Amino acid sequence: MQQVANNHEHGHAHDHEHGHEDHEQLKVLGFWIFLVTDCILFGSLFATYAVLMHSYAGGPTGKELFELPGVIASTFILLTSSFTSGLAILAMNKGKVKELIGWLVVTALLGLSFIGLEISEFTHLVHEGATMSTSAFWSAFFTLVGTHGVHVSVGLFWMVAIMMQLRRRGLTPVTRRKVTTLSLYWHFLDVVWIFLFTVVYLMGVM
Amino acid sequence: MANHTNHNSHAESHGSLKSYVIGFILSIVLTIIPLVLVMNPLFSKAGTIIAIMIMAVLQFVIQLFFFMHIREGEKPRWNVQTLVLGLVIVLTIVAGSIWIMAFNV
């Protein structure tokens with residue numbers, strides 16, 4: 001509706017530009033659909049975890065090995081990074097490229113420390129004798145948490161690539177769309193982590 | 001950006017600082033409450049599980065509205081429709097798996 005009104009106001013000179021904008025909007029929707037399918041991937045892994053939650057096979061349990069302080073720290077780190085990626089979007093809407101890149105750097109650093117914490121948690125678990133092959137529970141655990149960790153890592157590489165593009169090309173409809181999809185992806189990862197934190201860790205130590 | 005009208009609609013369609021800050025604060029609160037509930041249990045185990053799941057879902061909804069701006073899609077809300085379809089599939093997979101495997105004893 002608004003698109004029609006806009007066209008009317010600006011005459012036909014901008015038709016092409018509008019077509020371009022529409023295209024970028026369509027790509028955001030396409031990315032959203034990808035996120036929904038990713039949701040289904042995580043849903044399946046959560047289902048697997050829920051089913052195998054108590055299959056310890058005589059090995060260590062989550063209650064014995066989970067260390068909440070580290071997990072709480074990662075939770076707040078990821079939550080804050082989700083917020084800062086939102087601030088990046090606000091900076092983008094104001095047209096401030098430097099501020100935008102700045103917030104993306106903050107977001108990436110928070111994401112990096114999240115991954116650092118996760119790696120140290122995993123090495124700790126392996127040292128305590130909980131590997132992927134220890135029991136069905138630990139297989140499900142490492143698959144679920146590891147898949148999320150891989151998503152965050154991929155997001156970090158993507159973020160660095162977009163920062164480089166922003167440096168080189170500045171704010172164009174294309175780079176805008178890329179930052180928008182990136183921040184959607186980042187919020188999505190935070191949402192997945194909320195459920196990981198609740199189902200795996202909080203219920204695990206109960 | 002050359003197009004002013006469009007620029008404006010962009011700005012309003014991605015929320016304000018206020019909405020991000022509110023979303024952030026609510027998320028923090030909804031993270032701390034379950035933590036407290038688990039560390040010093042007020043309810044029975046089942047009660048606590050239900051309570052912390054509700055907090056998680058609430059936080060998901062808050063992020064959806066305050067961070068991901070689900071309301072502000074244009075025209076037919078394809079994004080909402082795909083999300084609903086996705087959630088139906090996820091719930092079916094998770095609840096169905098748990099239900100079926102509950103008979104596996």
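Since the structure is predicted, the reported quantities are computational estimates derived from the model, not experimental observations. In the text below, chain A, chain B and the rest are named by the order of the sequence lines, each starting its count at 1.
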Student: With chain B as the partner, which of A/I72, A/T75, A/L87 has the greatest number of non-hydrogen pairs under 4.5 Å?
Tutor: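 Max contact count across the listed options: A/I72.
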Student: In terms of heavy-atom proximity below 4.5 Å to chain B, should A/V205 be classed as side chain, backbone, both, or neither?
Tutor: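 Looking at A/V205, just its side chain touches chain B.
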Student: What part of A/V28 gets closer than 4.5 Å to chain B, counting heavy atoms only: side chain, backbone, both or neither?
Tutor: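 Neither the backbone nor the side chain of A/V28 comes within 4.5 Å of chain B.
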Student: Where does A/T172 contact chain B at under 4.5 Å (heavy atoms): side chain, backbone, both or neither?
Tutor: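 The answer is neither part of A/T172.
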Student: Answer with side chain, backbone, both or neither: which region of A/Y201 has an atom nearer than 4.5 Å to a non-hydrogen atom of chain B?
Tutor: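 A/Y201 has no heavy atom closer than 4.5 Å to chain B.
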Student: Using non-hydrogen atoms and a 4.5 Å limit, figure out which bit of B/M39 sits close to chain A: side chain, backbone, both or neither.
Tutor: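 Only the side chain of B/M39 comes within 4.5 Å of chain A.
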Student: Between chain A and each of B/T48, B/T82, B/L85, B/I89, count heavy-atom pairs under 4.5 Å; write down the option with the most.
Tutor: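 Highest number of heavy-atom pairs under 4.5 Å: B/T82.
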Student: Please determine whether side chain to side chain contact (heavy atoms under 4.5 Å, CB included) holds for the pair B/F67 and A/V191, giving the CA-CA distance in whole Å, both sets of side-chain angles, and the decisive distance to 0.1 Å.
Tutor: CA-CA 11 Å; B/F67 288 177; A/V191 167; over 6 Å; no
Student: Take B/V90 and A/F46 through the side chain to side chain contact (heavy atoms under 4.5 Å, CB included) test and state the conclusion after the steps.
Tutor: CA-CA 9 Å; B/V90 167; A/F46 268 107; over 6 Å; no
Student: Count the heavy-atom pairs under 4.5 Å between each of A/S85, A/A50, A/G86 and chain B, then report the option with the highest count.
Tutor: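 Highest number of heavy-atom pairs under 4.5 Å: A/G86.
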Student: Counting only heavy atoms closer than 4.5 Å, note whether B/I93 contacts chain A via side chain, backbone, both or neither.
Tutor: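 When you check distances to chain A, atoms from both the backbone and side chain of B/I93 fall under 4.5 Å.
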Student: Tell me, with the steps shown, if B/I32 and A/F76 meet side chain to side chain contact (heavy atoms under 4.5 Å, CB included).
Tutor: CA-CA 10 Å; B/I32 291 174; A/F76 281 105; 3.9 Å; yes
Student: B/F60 vs A/F195 aromatic rings, parallel, tilted or perpendicular, using cut-offs 30° and 60°?
Tutor: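 Because their plane-to-plane angle is over 60°, the rings of B/F60 and A/F195 count as perpendicular.
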Student: Given a strict heavy-atom distance threshold of 4.5 Å, which part of A/F188 is in contact with chain B: side chain, backbone, both, or neither?
Tutor: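 Both backbone and side chain.
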Student: Is there a side-chain contact between B/Y20 and A/I89 (heavy atoms, below 4.5 Å)?
Tutor: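 Side-chain contact under 4.5 Å: yes.
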Student: Which is it for A/I194 and B/Q63 under the side chain to side chain contact (heavy atoms under 4.5 Å, CB included) test, yes or no, and what are the steps along the way?
Tutor: CA-CA 11 Å; A/I194 293 164; B/Q63 299 239 348; 4.2 Å; yes
Student: Only pairs of heavy atoms separated by less than 4.5 Å count here; which of A/L171, A/T37, A/D190 has the most with chain B?
Tutor: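 Between A/L171, A/T37, A/D190, the count favours A/D190.
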Student: So what's closer than 4.5 Å to chain B heavy atoms on A/L29: side chain, backbone, both or neither?
Tutor: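 Contact with chain B is through the side chain of A/L29 alone.
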Student: Does any heavy atom of chain B fall under 4.5 Å from the side chain of A/S44, the backbone, both, or neither of them?
Tutor: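 Both backbone and side chain of A/S44 come within 4.5 Å of chain B.
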Student: If you define the side chain from C-beta out and look only at heavy atoms, does anything of B/W78 sit under 4.5 Å from A/W32?
Tutor: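 The answer is no, as the side chains (C-beta and beyond) never meet within the 4.5 Å cut-off.
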Student: Heavy-atom distance under 4.5 Å to chain B: side chain of A/L41, backbone, both or neither?
Tutor: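 Neither; nothing under 4.5 Å.
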Student: Which atoms of B/I100 come close to chain A, meaning under 4.5 Å heavy atom to heavy atom: side chain ones, backbone ones, both, or neither?
Tutor: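 The answer is neither part of B/I100.
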Student: Who wins among B/G96, B/S27, B/A95, B/G23 for the most heavy-atom pairs under 4.5 Å with chain A?
Tutor: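 Option with the top pair count is B/S27.
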Student: Looking only at heavy atoms, what is the nearest atom pair of B/M53 and A/T198, with distance?
Tutor: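 Minimum heavy-atom contact is SD-CG2, 4.0 Å.
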